[in-house]
Amino acid sequence: MRISDILRVKGEQVVTVTPESTVERLVAVLGEHRIGAAVVSSDGSVVEGIVSERDVVRALAARGAAVLVEPVSAIATAQVRTVEPEARLEDVERLMTQGRFRHVPVVIDGTLRGVISIGDVVKNRIDELETERSTLTEYITGERV
Ligand code: AMP
C-alpha cells in the first residue's frame, strides 16, 4: 500500500502552527483537533519543523510552566523526516520505528500534502492483514469468509 492511497481516504488536511506561536497556543490547537503533533510552518505549506505533545511534556519537565509563553520554535524538532506520497506503508513504519516518532509529514517538492500518524499506520496495516487472511482462508477452504 502506498501513502497516497491512505491520503486519498484520510484527506490532505494538516494542522500547522507558525514558529512564533506560543506553546500555550500549540497546546490549545492540539486539544482542539485531538491530535498529538503539529507541523511548524510560517505559510502552512513549507515544513520548518514538527512539534508534538512529547516536546511539550519534556519542556515542561525541564523548565516548568514558563515554557507556555515561549515560541513553539524553542521546543520543536527542526530536522523533520518526511516522505513522498509514493512511499510504501512499510517504509513509513520503518522510519517511525527507527526514529522513535509517531508522525511523518508527506511532501511533494517541499510542499506539505498530508501527515501520517502511527494510528493511520496501525489501522491500514490491520486492514491489509485482514484482507490477506480472508483471501488465504478462501483459497484454502474454498469458502468465502
Ligand atoms: P512523536 O512520537 O511524533 O510524538 O514525536 C517524538 C519526538 O520526535 C518529538 O521530539 C518530535 O518533535 C519528534 N518528531 C516527530 N515526528 C518527527 C519527524 N517526522 N521527523 C523528525 N522528528 C519528529
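Computed from a predicted model, the values in this text were never measured in an experiment. Numbering of ligands and ligand atoms starts at 1, following listing order.
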- Give the residue and atom name of whichever protein heavy atom lies nearest to atom 2 (O) of ligand 1, and the separation in Å to one decimal. Arg102 NE, 2.8 Å

- Note on the structure: for atom 8 (O) of ligand 1, nearest protein heavy atom and its distance come out as Phe101 CB, 3.5 Å

- Query: Is it true that Arg63 and Glu70 have a side-chain N and a carboxylate O under 4.0 angstrom from each other?
  - Reply: yes

- Arg2/Asp5 salt bridge by N-O under 4.0 Å criterion: no

- Query: Looking only at protein heavy atoms, which one is nearest to atom 13 (C) of ligand 1, and how far off is it?
  - Reply: Thr77 OG1, 3.6 Å

- among protein heavy atoms, the one nearest atom 20 (N) of ligand 1 is Arg81 N, 2.9 Å

- By side-chain hydrogen bond (donor to acceptor under 3.5 Å, both in side chains) - contacts of Thr16 (at least two apart): none

- Query: Is any side-chain heavy atom of Val69 less than 4.5 Å from a side-chain heavy atom of Val23?
  - Reply: no

- How does Ala76 reach ligand 1, by side chain, by backbone, by both or by neither, if only non-hydrogen atoms under 4.0 Å count? neither

- Message: Considering non-hydrogen atoms of the protein only, which is the closest contact for atom 23 (C) of ligand 1, and what is the distance?
- Response: Ile50 CG2, 3.5 Å

- Query: Is there a donor in the side chain of Glu48 and an acceptor in the side chain of Ser42, or the other way round, less than 3.5 Å apart?
  - Reply: yes

- Query: Heavy-atom distance under 4.5 Å between the side chains of Val106 and Thr82, does that happen here?
  - Reply: no

- Message: Considering non-hydrogen atoms of the protein only, which is the closest contact for atom 16 (N) of ligand 1, and what is the distance?
- Response: His103 O, 3.1 Å

- What protein heavy atom sits nearest atom 5 (O) of ligand 1, and how far away is it? Ser52 OG, 3.4 Å

- Item | Contact partition for Arg58 relative to ligand 1, non-hydrogen atoms under 4.0 Å | side chain

- A student comparing Thr82, Asp55, Val80 should find that the heavy atom closest to atom 10 (O) of ligand 1 comes from Asp55

- Message: Please list the nearest protein heavy atom to atom 21 (C) of ligand 1 with its residue and the distance rounded to 0.1 Å.
- Response: Gln79 O, 3.4 Å

- Message: Show every side chain to side chain donor-acceptor pair (under 3.5 Å) that has at least one partner inside residues 116-128, sequence neighbours left out.
- Response: Lys10-Asp120, Glu93-Arg125, Ser117-Asp120, Lys123-Asp127, Arg125-Glu128

- Item | Salt-bridge present (Arg58, Asp55; N to O < 4.0 Å) | yes

- Query: Against heavy atoms of Pro105, which atoms of ligand 1 measure under 4.0 Å?
  - Reply: 19 (N)

